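Just so it is clear: chains get the letters A, B, ... in the order the sequence lines come, proteins before strands, and each one is counted from 1. Please read all numbers here as calculations on a predicted model, not as lab measurements.
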Number of protein chains: 2
Amino acid sequence: MDEPRPLAPPAARVTIRNVAEDAGVSVAAVSKVMRNAYGVSDALRQKVLESIDRLGYRPSVAARGMRGQTYTLGVLLVEIANPFLPTIYEGIASTAEAAGYKLLMGVGAAKMPLETRLIEQMIDNHMDGLLLIAAQISGRTLERYAQQIPTVVVGHHEPTAASFDTINSNDIEGAKIAVRALLAKGHRDIGMISLGPIAGHEADVAPQREIGFTQAMAAAGLPARIFRFDNLDKARLGKLEAFLKSPDRPRALFVWSDLDGIPLLNMARVMGLRVPEDLALIGYDNSPVAALPLIDLASMDQEGRLMGRMATEALLSRIAGRKVAEHMLIEPHLVARGSF
Amino acid sequence: MDEPRPLAPPAARVTIRNVAEDAGVSVAAVSKVMRNAYGVSDALRQKVLESIDRLGYRPSVAARGMRGQTYTLGVLLVEIANPFLPTIYEGIASTAEAAGYKLLMGVGAAKMPLETRLIEQMIDNHMDGLLLIAAQISGRTLERYAQQIPTVVVGHHEPTAASFDTINSNDIEGAKIAVRALLAKGHRDIGMISLGPIAGHEADVAPQREIGFTQAMAAAGLPARIFRFDNLDKARLGKLEAFLKSPDRPRALFVWSDLDGIPLLNMARVMGLRVPEDLALIGYDNSPVAALPLIDLASMDQEGRLMGRMATEALLSRIAGRKVAEHMLIEPHLVARGSF
DNA sequence: TGTTCTACGTAGAACGGTATACGGAATCGC
DNA sequence: GCGATTCCGTATACCGTTCTACGTAGAACA
């Protein structure tokens with residue numbers, strides 16, 4: 001064996017200098033062509049493009065970031081397993097690609113310190129903008145970061161935020177739609193399964209849905225019973241089961257998310273309850289599993305693709321210079337299935 | 001309104017120079033502390049660390065990447081909706097974090113040109129290494145990229161690759177285990193649902209599982225019937241249904257992935273077939289949905305967390321200088337449930 | 001024809017770090 | 001006590017781009 005060389009130079013990169021030399025022009029000229037900036041003749045552009053093609057040149061994002069744009073957007077996801085993220089991501093990806101932007105993602109795992117580190121990491125990578133999907137961070141912290149980098153937030157209600165945009169499903173209205181659908185089927189004893197009590201600041205979607213639920217029930221002159229189960233509680237499934245078995249549980253349930261709705265429906269059937277006769281259910285997110293015939297869980301659809309597209313468009317316009325914040329709500333709709 | 005200012009300077013960044021000035025030392029000294037490089041006294045380190053803390057300094061990844069390391073690993077996922085990726089990702093994330101590396105992800109959407117662009121993007125971002133999860137790219141292309149950046153591939157069999165490592169589940173053995181389990185329950189008329197015919201090069205997991213299936217059936221002296229359904233075919237569900245209805249379909253099925261296994265099981269029950277009496281099923285990936293009592297689909301578990309950890313460790317050792325390729329197989333195990 | 005524009009192209013500083021070469025002080029070996 | 005070695009810290013080149021300032025040539029204008 002030979003000496004422990006310090007990482008043999010791996011196939012030297014083609015740089016802008018090589019292109020300039022090959023095309024017989026200045027480095028700045030090549031840079032201009034890359035950014036299709038002002039002041040390049042067709043003849044020069046042609047020469048440069050040929051050299052770029054011949055040499056297979058790709059600009060270094062890192063080097064670019066030091067002075068100009070990186071044409072990269074950072075996407076921060078709560079957690080990777082969440083079933084309604086893919087549709088949002090689709091909307092983001094197609095819009096970003098059409099605009100010539102690349103995406104790079106980080107996963108926050110629903111832990112705050114990790115999320116802030118990821119945001120900082122994306123700032124450190126000189127990304128041009130940030131898309132936060134269902135992030136848990138507080139609005140104040142977000143305001144601070146948003147002053148350093150154009151930011152758009154999805155799935156986090158912060159309607160008074162000044163330095164970033166928010167795109168949300170109209171969660172209040174969504175809950176009302178679900179309640180009205182249950183009422184229309186003749187149900188009166190309606191409860192809600194929600195998240196909490198810890199994650200309970202109004203920015204999150206669950207409290208918003210609670211508001212809608214409470215209002216819709218009040219409008220019908222009915223009492224609003226809300227049952228909250230902690231997301232991180234390991235015994236959560238057991239508690240949900242105990243809840244189903246309790247004698248005075250509601251006959252119909254609006255469930256804040258299919259994440260809880262699917263296991264609930266599942267347990268109910270296994271316990272021998274007839275759905276919807278003994279227990280009616282409407283969930284939220286319209287996750288793919290809810291659509292399985294064996295599950296057949298009615299659910300509120302959030303138009304994830306549209307949310308993704310709108311969020312990305314907002315971010316691009318912010319990058320282009322917009323300063324005034326935009327806060328948008330998208331109307332959800334009910335996907336009716338056999339569970340209610 | 002005022003003039004269209006060119007993006008008001010957003011809260012000037014704290015640079016290494018500010019820290020140096022604040023601590024009264026040279027820029028190089030600060031750099032050394034950051035990289036805990038050789039040649040710093042405790043006293044100096046202390047001063048610098050205090051300044052870093054006071055000023056809230058974070059090094060720019062982009063600037064770092066131009067000469068040194070970025071301490072960032074790129075993770076390329078086939079597609080975001082795949083249910084067995086989260087466990088792999090968990091293994092990757094915990095290992096990388098423990099080693100002081102950050103992660104940034106890209107989603108290939110199972111499209112080759114997109115995948116190559118993402119790999120190039122990660123190279124352009126000066127990432128220190130690449131983790132490709134179930135990428136579709138050909139081995140030859142991978143060899144080329146792997147010479148530019150340390151690379152480890154997961155879920156893609158390429159046992160002779162010289163310039164990158166591969167970490168895989170032992171898909172041949174996994175299929176054999178499933179077949180043996182079906183045989184042990186007395187099933188003889190066993191078929192396999194696989195992917196194809198397009199994606200059919202041996203590097204992918206489905207053909208590997210076909211090999212194991214064929215060998216195990218041959219060992220039992222039974223004929224091996226394989227039914228392939230195209231992944232991208234919009235009418236795929238309809239074809240699966242037609243398959244279930246055909247009179248000579250096998251009584252037991254080994255299904256290459258829960259992605260097909262769950263809809264199959266679902267359709268079977270809806271059609272009134274008894275599982276496992278009329279149709280026995282074993283899937284692959286042990287996705288969370290398979291574990292739902294209403295589904296209760298037996299499935300091969302790939303030890304995703306372990307795969308993620310091993311892949312990351314391999315990548316780190318490659319970054320540290322290892323040049324000889326490693327190819328590892330992890331033994332899967334059956335999670336027995338009521339479906340067979 | 002001389003002067004002012006405009007369009008094109010270039011040189012060189014800047015970005016924020018890392019790596020290398022080097023100088024001075026303290027320690028070591030004999 | 002002296003040269004050699006080790007330890008610590010600094011100065012400076014360098015990474016690959018973009019951006020600013022400027023020079024030059026041809027066109028337009030008077």
Item checked: Audit row: B/Ile133, B/His156, side-chain contact (heavy atoms from CB on, under 4.5 Å) steps and yes/no -> CA-CA 8 Å; B/Ile133 315 296; B/His156 185 104; over 6 Å; no
Note to self: For a quick check under 3.5 Å, do A/Thr70 and A/Asp128 share a side-chain donor-acceptor pair by atom type?
What the structure shows: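 There is such a pair (donor and acceptor under 3.5 Å, judged by atom type) between the side chains of A/Thr70 and A/Asp128.
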Note to self: Assess, by modelled atom type and distance only, whether the side chains of A/Arg35 and A/Ser31 contain a donor and an acceptor separated by less than 3.5 Å.
What the structure shows: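 The criterion, which ignores hydrogens and geometry beyond distance, is satisfied for A/Ser31 and A/Arg35.
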Margin query: Please identify the 5'-most and 3'-most nucleotides of DNA chain C with any atom under 4.0 angstrom from a heavy atom of chain B.
Written below: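 Footprint of chain B along DNA chain C, 5' to 3': C/dG16 to C/dA19.
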Item checked: Terminal axis angle for the helix from C/dT1-D/dA30 to C/dC30-D/dG1, five pairs an end, nearest 10 degrees ->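 The helix from C/dT1-D/dA30 to C/dC30-D/dG1 shows an end-to-end axis angle of 30°.
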Next item on the list: Please step through side-chain contact (heavy atoms from CB on, under 4.5 Å) for the pair B/Arg322 and B/Asp165, ending with a clear verdict.
Entry: CA-CA 11 Å; B/Arg322 175 170 56 79; B/Asp165 307 323; 2.7 Å; yes
Item checked: Short side-chain to backbone donor-acceptor contact, B/Asn125 and B/Met127, under 3.5 Å ->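 Checking the backbone N and O of B/Met127 against the side chain of B/Asn125, no donor-acceptor pair under 3.5 Å is found.
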Next item on the list: Applying side-chain hydrogen bond (donor to acceptor under 3.5 Å, both in side chains), name anything that partners A/Thr166, two or more places apart in sequence or on another chain.
Entry: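 For A/Thr166 the side-chain hydrogen bond (donor to acceptor under 3.5 Å, both in side chains) partners, ignoring immediate neighbours, are A/His327.
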Check: Do the non-hydrogen side-chain atoms of B/Glu90 and A/Ile80 ever get within less than 4.5 Å of each other?
Finding: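 SC-SC contact between B/Glu90 and A/Ile80 ruled out.
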Checklist line | Letter per nucleotide, 5' to 3', of nucleotides 5-18 of chain D [B base touched, S only sugar-phosphate touched, - untouched; heavy atoms, 4.0 Å] | finding: --SSBBB--BBBBB
Note to self: Please enumerate all residues that pass salt bridge (Lys or Arg N to Asp or Glu O under 4.0 Å) together with A/Arg144, with sequence neighbours excluded.
What the structure shows: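 By the salt bridge (Lys or Arg N to Asp or Glu O under 4.0 Å) rule, A/Arg144 matches no residue at all.
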Margin query: Going by the rule side-chain contact (heavy atoms from CB on, under 4.5 Å), which residues pair with B/Thr87 if we only count those two or more places apart in sequence or in a different chain?
Written below: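 B/Thr87 satisfies side-chain contact (heavy atoms from CB on, under 4.5 Å) with no residue once adjacent residues are dropped.
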Note to self: For a side-chain contact (heavy atoms from CB on, under 4.5 Å) check, start with the C-alpha distance between A/Glu303 and A/Arg309, then their side-chain angles and the critical distance, and finish with the verdict.
What the structure shows: CA-CA 10 Å; A/Glu303 309 276 3; A/Arg309 182 162 67 76; over 6 Å; no
